[in-house]
Amino acid sequence: MNSPTNHPANQSVVTRFAPSPTGQLHIGGARTALFAWAYAKKHAGQFILRIEDTDQTRSTPQATCNIIEGLQWLGLDWQAGPDPQQPLEKQLGDTGPYFQSQRLDTYRQYIQQLIDMGRAYKCFKTPDELNAARQQAKSEKRAYKYDSTESRNLTPDQIAECESAGKPSVIRFRMPDADVTFHDAVFGDVTVKSSELEDFIIQKTDGFPTFHLAVTIDDATMGVTHVIRGQDHLYNTPKHVALLDALGLTRPDYAHLPLIFNSDGSKMSKRDKAKTARAAAKAQNIQSVDDATGVSSDDLSAFLNKKTDDINIAFAIADTLKLTLPEIDVEDFRRSGYLPDVLLGYISQLGWSHGHPTERYGLDYIVEKFALADINKSNAKFDRDKLAKFNTEAITALPPDEFRELWKAHCARYEPAYLEKLDDAAFALLATSYQERSRTLQEPCDNGQFFIIADDAIEYDAKAVKKFMAKNDGEGFTMLRTLRPALEALDDFTAAPIHALIERTSTEQAVGMGKIAQPLRVAMTGSSVSPPIDQTLAILGKPTVLARIDRCLNVLAETAESNA
RNA sequence: GCCCCGUUCGUCUAGUGGCCCAGGACACCGCCUUCUCACGGCGGCGACACGAGUUCAAAUCUCGUACGGGGUACCA
């Protein structure tokens, strides 16, 4: 099958990612950015980051920063757009500015050109009138379509009259009375019938262009050769193509990507986090969250009553309940401890496949293999298990010092207590212990809390105590009493000598390693889980080990043994 | 409602008329390893949505049905 293109082979590729700055970088957006970036990279072209902030009510500078930070973390760099090293006003590239709010003059110029050509006109219909017509059509079970006859035929006098009366107007594009066909790299030739097309708005009453006008003009004036975006834009494309044709501008090549959904088929949206937090809070019937989160009980009840989906409240609940919210934005995945290359490798497989001799790969491999022809048509569901597995493998394969540095950076950003409480040597030992048993960079933080809390803050898990300590007349306590002097006498308190000591004890007492390791675990962690016990003791250090044995014996032994 | 698109194991996918009673990966199950939790090794379960048609031959082509998705905004 041939793949028609509107661009000569020797023209260099220009792609772009054009998010609207209304929050964090969404995982779906990240994949769109990845594909556009990879295509440009593969063809030694240019990748543009353009900020689509024409919706004045929803756009924020903070959101732009979030998106920039997310892209940078992923390692997707752009040659034109906001300069990530500079304040937001500074921009890279020579086809800018790259904020749509700074391109209003350009849009006006093209809109005026369309008006002058008779291809655009003012329309004084109000949203209310339009809605009424829509409702009317619906109640008559009829397909609604904007009726252009009245506004198209307004005389100059009538227009002047409306304007002097102060009636607000929009500008609409006069859609040609013909079917529109365009080529899409994923869907092939797409034709939309004339009857499905209407005179759409290109300039709002506030004087801002609509998305359709802005995106079309920007892509054309920035020299974008390949528009790679989500499938939700497929049926916007006839509008863009018609605009381009009217203006005599070259059509870019299009590729519309399948969408990404949750495993239950719902859209991956930021509201999933609120939903999950709310459901957990209701299930456990909590009345308040940790004071440290700064969320009041009023905030909480507003959230529980669905008055707000405030993400900060959702996180406060998650913190209080030790709950992981579903990852939706790139920042969520970063916080959960996924490696950027793994995340990218995984999401690249959602809707794109090249025959996979392997499925574990990173950015370089994607660039090497990427082709628009290998993009699928059908939507994909996001599978966190698979992502987690890939992440585990990548973490395990890391050189130990590299893992330590990555984990350190993660702690600095999300769990500073580890860096404050542990010296370099202890941190390094802990990193080594956890590397092979961690799915994410966050997991050792969650599982290793007992390494950084005070000796008297250990909470003993009742089941673990019963099973490993109190059972058989408190054999666990007996073992601890046996071990204590031997451990105290150990001069070189590192993993190897500790291991030797435990093995010797095992032989002398004629018991399995488990009979020794598990009571120690309970004393050290309060639970039955930790890294190998010799490493655990070495990292904790002799004073802490002895203190925790003593505490376990003093606090726990009496009550447990009397209850036994 | 209307217009379009899609549909291979639970999930992501390989597959472009004979190589496929359908291959890989994740999940799941079992065994091995084991001081706990993990990691790891080996094995197993498991799909062409349904119905017609074309053909010597169909997961692959055609039609219909069902289901899923997108669009139908002065949001992008």
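Note on naming: letters A, B, ... go to the chains in the order of the sequence lines (proteins, then strands), and numbering restarts at 1 for each one. Quick caveat, the model's predicted, so the values are computed rather than measured.
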**Q.** B/S/- contact track for nucleotides 35-49 of chain B, protein heavy atom under 4.0 Å
**A.** BBBBSS---------

(Q) On the nucleotide B:C75, are OP1 or OP2 found under 4.0 Å from the side-chain N or O atoms that A:Lys204 carries? (A) yes

Q | Phosphate OP1/OP2 of B:A27: any A:Arg384 side-chain N/O under 4.0 Å | A | no

Q | Any strand: nucleotide that pairs with B:A73 via Watson-Crick or wobble, under 3.5 Å | A | none

**Q.** Any-strand Watson-Crick or G-U partner of B:C56, both distances under 3.5 Å
**A.** B:G18

Q: State, yes or no, whether a side-chain contact exists between A:Leu520 and A:Ile549 at a heavy-atom distance under 4.5 Å.
A: yes

(Q) By the rule that syn is within 90° of 0, classify the base conformation of B:C39 as syn or anti. (A) syn

Extract from the structure each pairing of a protein N or O with an N or O of nucleotides 68-71 of chain B at less than 3.5 Å, listing the distance.
residue, atom, partner, partner atom, Å
B:G69, O2', A:Asn379, ND2, 2.8

**Q.** All side chain to side chain contact (heavy atoms under 4.5 Å, CB included) counterparts of A:Gln349, not counting sequence neighbours
**A.** A:Glu359, A:Tyr361, A:Lys386, A:Phe390

Q) Which ones in residues 126-138 of chain A lie close to RNA chain B, meaning a heavy atom under 4.0 Å from one of its atoms? A) A:Thr126, A:Pro127, A:Arg134

**Q.** 5'-most by nearest nucleotide on RNA chain B - A:Thr205 or A:Thr191
**A.** A:Thr191

Side-chain donor-acceptor pairs of residues 200-214 of chain A under 3.5 Å, sequence neighbours excluded:
residue, atom, partner, partner atom, Å
A:Asp206, OD1, A:Phe208, N, 2.8
A:Thr210, OG1, A:Ile201, O, 2.9
A:His212, ND1, A:His240, NE2, 3.0

Q) With rounding to whole Å, what would you report as the distance between B:G1 and B:G23 at their P atoms? A) 40 Å

Please write out the pairs of protein N or O atoms and N or O atoms of nucleotides 14-20 of chain B separated by less than 3.5 Å, giving the distance to one decimal.
none

Q: Decide yes or no, distance alone: a donor-acceptor N/O pair under 3.5 angstrom between the base of B:A25 and the side-chain of A:Lys386.
A: yes

